2 protein chains.
Amino acid sequence: MTAPGRRLTQQDIARIAGVSQTTVSLVLNNRTDAEVRIAPETRERVLRVIRETGYVADPIARRLAERRNRILGVFTYEAVFPTASADFYHPFLLGIEECAEEMGCDLLLFTSARAAGERRRIFNEDSRVRLADGCVLLGRTVDRDDLARLLTEGIPFVSIGRRDDAGAPVPYVGADYPPAVRALVDRAAGLGHRRLAYVGAGAGAESPADRMRGFREAVAAVGAEGVHVQVTGRTPGELLEELSAARVTAAFVEEPADAVAITHAARERGLAIPGDLSILALGAPTRPVHVDVDLTGFRIPRREMGRRAVELLAELLESGGETPQELLACELVEGSTFAPIPS
Amino acid sequence: MTAPGRRLTQQDIARIAGVSQTTVSLVLNNRTDAEVRIAPETRERVLRVIRETGYVADPIARRLAERRNRILGVFTYEAVFPTASADFYHPFLLGIEECAEEMGCDLLLFTSARAAGERRRIFNEDSRVRLADGCVLLGRTVDRDDLARLLTEGIPFVSIGRRDDAGAPVPYVGADYPPAVRALVDRAAGLGHRRLAYVGAGAGAESPADRMRGFREAVAAVGAEGVHVQVTGRTPGELLEELSAARVTAAFVEEPADAVAITHAARERGLAIPGDLSILALGAPTRPVHVDVDLTGFRIPRREMGRRAVELLAELLESGGETPQELLACELVEGSTFAPIPS
DNA sequence: CACCCGTGATAATTCGTATTAGCGCCTTGA
DNA sequence: TCAAGGCGCTAATACGAATTATCACGGGTG
């Protein structure tokens with residue numbers, strides 16, 4: 001049909017139809033402005049040639065001339081698909097894909113953005129970020145410099161997960177952790193718990209910091225006792241000892257994978273969960289783990305966050321406007337690791 | 001840093017460094033051919049300006065001028081991420097992403113390619129297929145017309161999964177079903193099984209047809225009795241009845257989800273698996289199902305297929321060459337649903 | 001008769017980068 | 001002494017589609 005190496009262009013269509021490239025473009029874009037007039041028979045002739053040849057406009061040339069592409073970039077700091085992170089990322093991507101499909105957009109995964117070292121970077125020597133109309137950032141932590149760069153370059157983007165200012169406010173859609181943690185703390189206090197623990201880093205990125213903050217504020221508000229238990233480099237057994245030494249009756253565990261491990265360890269040594277100790281999990285597992293425990297806690301609306309991020313990005317592209325910042329509510333999950341304080 | 005709306009171009013860099021746009025391009029592309037010479041101090045000056053301004057080449061313009069993009073398209077006929085199909089597609093995508101990352105390529109997911117109806121089509125009015133250097137096709141069935149079109153348009157692509165000719169040979173990397181099925185049949189015959197059944201459609205796409213063919217040939221080779229049991233619109237119980245009516249002792253089930261259902265149904269009505277009936281599963285579940293049965297069968301090398309597809313596509317882009325067609329071996333899986341024929 | 005206006009098209013330019021074909025000057029070799 | 005080539009760089013052009021600025025033509029008007 002087509003000679004190899006040569007693709008059909010508007011010029012070719014024009015030649016065949018006996019008109020100019022301009023006319024082909026006008027017909028193709030269905031321009032019916034008052035400014036532009038094309039005789040019905042000419043339009044029909046051009047359309048016929050297009051149909052017969054099966055011509056499709058080159059998206060690249062199009063993008064160069066226009067501004068829009070209908071391509072949304074998706075940047076993740078870790079690989080998207082590997083099983084280790086798939087469980088965590090999957091719901092976000094599900095929402096992103098759904099919404100992109102509805103809007104007729106394609107998704108560009110920046111899998112190549114890897115610097116010499118381990119970590120991915122958005123701006124490498126030949127970054128293809130600007131090929132997309134805008135992009136969605138996904139990842140538990142996001143490079144500060146990358147954020148600042150995106151902002152100063154004026155590249156439209158929305159981060160999934162709240163981000164602190166990076167020289168300027170960052171557009172994001174995040175999970176509203178503080179009220180969710182507060183609700184759990186309130187319920188614990190309501191059931192008599194007075195000595196509560198936050199188990200996890202509580203820092204390092206915005207989301208753990210938000211949870212920690214929610215915990216601190218809620219504990220202060222209900223007048224309970226709150227301790228902070230670090231997890232890095234410690235076994236579940238050691239954590240349990242520290243919790244019992246502090247006479248903690250309700251543990252708010254940042255990472256569900258840890259919550260599962262602690263629960264197992266406790267039951268192994270004869271400690272009843274939730275009889276002797278209540279376990280509250282703050283979110284979704286970011287590490288692959290077989291969750292065979294029915295944890296009480298809350299659900300991060302990951303799919304909705306994905307959808308909303310794309311919607312906000314679309315609005316941003318459409319109208320510009322203010323930097324969108326939204327927090328979506330987390331839904332409480334009734335599990336079986338939470339009970340009144342032992343008497 | 002940059003004025004809003006205006007982006008830094010090579011022309012800007014050239015102006016600042018006091019050279020021509022050509023020189024900037026040459027420096028940027030690190031051209032050190034004998035043909036092209038640039039004074040070290042000029043090169044340094046240009047590089048400094050580039051560094052200071054943080055200029056990054058516009059990938060769109062680049063693509064227009066060059067031919068390559070380092071972007072690989074991924075086309076799936078169903079959504080990639082939804083949980084219903086995620087379990088099936090995930091390993092392929094894992095392999096694709098791994099390989100793309102190693103090659104420094106980005107992945108373009110054609111999520112927009114949806115016609116008015118339900119099914120996705122590659123070529124819609126404004127298809128962005130040609131934005132990628134080439135693409136990988138993923139899906140249990142692939143539209144015949146799309147394949148033919150890809151071939152005649154000369155768009156480089158590799159299908160994951162064997163495909164019959166579509167006017168011309170189709171480049172693919174598939175799973176080598178016939179020998180895998182044959183191996184299972186051989187083993188069954190070796191353990192005394194004489195009445196075997198193929199449970200599934202055995203048609204509709206290349207992969208079930210290949211399995212069916214493998215089954216037929218192997219059954220004939222070992223001189224056993226083979227029956228074909230259709231599954232569509234029938235309950236596991238009905239299937240069991242048909243199997244027992246035909247005095248089948250080993251059932252080769254196309255779809256593992258069906259194999260699981262049949263096993264459960266059998267055990268519920270007191271039929272021992274594998275004591276009374278052996279179940280052999282032919283591949284990976286394409287429907288979401290909780291596989292709590294340790295099925296005997298084989299493993300489709302999905303991740304490797306993903307990797308290989310990208311590798312073959314890269315070779316295709318590099319050197320052109322012959323249409324690659326490869327079948328990867330399936331590894332047998334020793335489960336606990338296979339035993340000698342009951343005496 | 002000069003003028004205007006509506007009609008249907010096109011030539012020229014734009015987008016940002018890559019490539020080709022030189023430019024003028026200087027060195028070398030025969 | 002004169003052609004051949006080396007040197008460092010640039011003007012011009014290509015890539016394919018969209019947009020802007022015109023243009024030719026004929027019919028009506030004053």
Side-chain angles (χ1 to χ4, degrees), chain A residues 2 5-46 50 53 55-70 125-131 133 153, chain B residues 2 5-46 50 53 55-70 125-131 133 153:
Chain A
T2 34
R6 267 283 295 150
R7 277 257 153 63
L8 228 48
T9 74
Q10 284 192 351
Q11 198 59 256
D12 299 324
I13 304 297
R15 194 160 23 243
I16 298 171
V19 295
S20 71
Q21 176 260 322
T22 307
T23 306
V24 177
S25 171
L26 293 175
V27 168
L28 216 54
N29 294 27
N30 203 27
R31 292 273 300 263
T32 43
D33 318 73
E35 312 294 305
V36 172
R37 281 172 302 263
I38 293 182
E41 54 267 28
T42 307
R43 178 184 299 273
E44 202 38 64
R45 184 156 32 98
V46 172
I50 289 175
T53 56
Y55 167 83
V56 178
D58 183 339
I60 291 284
R62 209 163 176 146
R63 163 64 156 158
L64 191 66
E66 283 185 307
R67 42 173 69 70
R68 298 285 299 264
N69 219 350
R70 304 200 78 75
E125 69 289 356
D126 58 4
S127 161
R128 285 176 281 272
V129 215
R130 283 169 45 193
L131 205 145
D133 291 340
E153 297 238 348
Chain B
T2 35
R6 265 283 294 150
R7 278 255 155 66
L8 228 47
T9 73
Q10 285 191 351
Q11 198 58 256
D12 299 323
I13 304 296
R15 195 159 24 242
I16 297 172
V19 294
S20 73
Q21 176 262 321
T22 307
T23 306
V24 176
S25 172
L26 295 175
V27 168
L28 216 54
N29 293 27
N30 202 25
R31 291 275 298 266
T32 42
D33 317 310
E35 311 294 307
V36 171
R37 280 170 302 266
I38 291 181
E41 53 268 27
T42 306
R43 178 184 299 273
E44 201 39 63
R45 184 155 34 98
V46 172
I50 290 175
T53 55
Y55 166 84
V56 179
D58 182 344
I60 292 285
R62 205 160 177 147
R63 164 64 154 159
L64 189 66
E66 282 186 305
R67 42 174 68 72
R68 299 286 299 265
N69 221 347
R70 304 202 77 74
E125 71 288 356
D126 59 3
S127 162
R128 284 176 282 273
V129 213
R130 283 171 44 197
L131 205 144
D133 291 340
E153 297 239 346

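Just so you know, these numbers come straight off a predicted model, no measurement behind them.
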Asker: Can you tell me which nucleotide in D/dC15, C/dT17, C/dA12 comes closest to the side chain of B/D58?
Answerer: C/dT17
Asker: Mind checking B/Q11 for me? I need base, sugar-phosphate or nothing, with any heavy atom below 4.0 Å counting as a touch.
Answerer: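 No contact at all - B/Q11 keeps every heavy atom at 4.0 Å or more from the nucleic acid.
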Asker: On a plain distance test, is the side chain of B/Q21 in donor-acceptor contact with the base of C/dA18 below 3.5 Å?
Answerer: yes
Asker: Answer yes or no: does a side-chain N or O of B/Y55 lie under 4.0 Å from OP1 or OP2 of C/dG16?
Answerer: no
Asker: Could you state the atom-to-atom distance from CD of A/E41 to P of C/dA9 in whole Å?
Answerer: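 Between P of C/dA9 and CD of A/E41: 7 Å.
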Asker: Ignoring hydrogens and angles, tell me if any N or O in the side chain of A/R70 forms a donor-acceptor pair with the backbone of B/R128 under 3.5 Å.
Answerer: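 Not confirmed, A/R70 side chain does not pair with B/R128 backbone.
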Asker: Distance criterion of 3.5 Å, no angle test: do you see the side chain of A/T22 paired donor-to-acceptor with the base of C/dA11?
Answerer: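 Present.
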Asker: Closest nucleotide of DNA chain D for A/L64 versus for B/S20: which of these residues is on the 5' side?
Answerer: B/S20
Asker: I'd like to know if the side chain of B/N69 and the backbone of B/D133 have a donor-acceptor N/O pair within less than 3.5 Å.
Answerer: no
Asker: CD1 of A/I60 versus P of D/dA18: gap in Å, rounded?
Answerer: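 In whole Å, D/dA18 P and A/I60 CD1 are 13 Å from each other.
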Asker: Could you give the CZ-to-P distance, from A/R37 to D/dT19, as a whole number of Å?
Answerer: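 Distance check: A/R37 CZ to D/dT19 P gives 17 Å.
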Asker: Going by atom types alone, do A/T23 and A/S20 pair a side-chain donor with an acceptor below 3.5 Å?
Answerer: yes
Asker: Is there a donor N/O on one and an acceptor N/O on the other, under 3.5 Å, for the side chain of A/T42 and the base of C/dA9?
Answerer: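 Such a pair does not exist between side chain and base.
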Asker: Would the distance check show the side chain of A/R130 and the main-chain N or O of B/I60 forming a donor-acceptor pair, the cut-off being under 3.5 Å?
Answerer: no
Asker: Tell me the interatomic distance from B/L8, atom CG, to C/dG16, atom P, rounded to whole angstroms.
Answerer: 11 Å
Asker: Using a heavy-atom cut-off of under 4.0 Å over every strand shown, decide if B/V24 touches base, sugar-phosphate, or nothing.
Answerer: nothing
Asker: Within the 4.0 Å heavy-atom criterion, would you say A/R31 contacts the bases, only the backbone, or no part of the nucleic acid?
Answerer: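 Sugar-phosphate, backbone atoms only, no base.
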Asker: With heavy-atom distances below 4.5 Å as the criterion, would you say the side chains of A/T9 and A/D58 are in contact?
Answerer: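 Side chain of A/T9 against side chain of A/D58, heavy atoms only: no contact under 4.5 Å found.
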Asker: C/dT20 P sits how many Å from B/N29 CG, rounded?
Answerer: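 Going from CG in B/N29 over to P in C/dT20 covers 12 Å.
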Asker: Go through D/dA17, D/dT10, D/dT19 for me and flag the one nearest to the B/L26 side chain.
Answerer: D/dT10
Asker: Using atom CD of B/Q10 as one end and atom C1' of C/dA18 as the other, report the distance to the nearest whole Å.
Answerer: 8 Å
Asker: Can you tell me how far C1' of C/dA18 sits from CZ of B/R62, to the nearest Å?
Answerer: 10 Å
Asker: When you get a sec, tell me which of D/dG8, C/dT19, D/dA17 is the closest nucleotide to the side chain of B/S25?
Answerer: C/dT19
Asker: Which nucleotide wins on minimum distance to the side chain of A/A39, given the candidates C/dG8, C/dA18, D/dC15?
Answerer: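 The answer is C/dG8, which lies nearest to the side chain.
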Asker: Closest to the A/A65 side chain: D/dG16, C/dA9, C/dA18?
Answerer: D/dG16
Asker: I'd like to check A/V46 versus A/I38 (side-chain heavy atoms, cut-off strictly below 4.5 Å). Are they in contact?
Answerer: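 A side-chain contact under 4.5 Å is absent here.
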Asker: Take the protein atom CZ of B/R15 and the nucleotide atom P of C/dT17, then report the distance between them rounded to whole Å.
Answerer: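 It works out to 12 Å between those atoms.
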Asker: Describe the nucleic acid contact of A/I38 in one word from base, sugar-phosphate, nothing, applying a heavy-atom distance below 4.0 Å.
Answerer: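 If one applies the 4.0 Å heavy-atom cut-off, A/I38 turns out to touch the sugar-phosphate alone, with no base involved.
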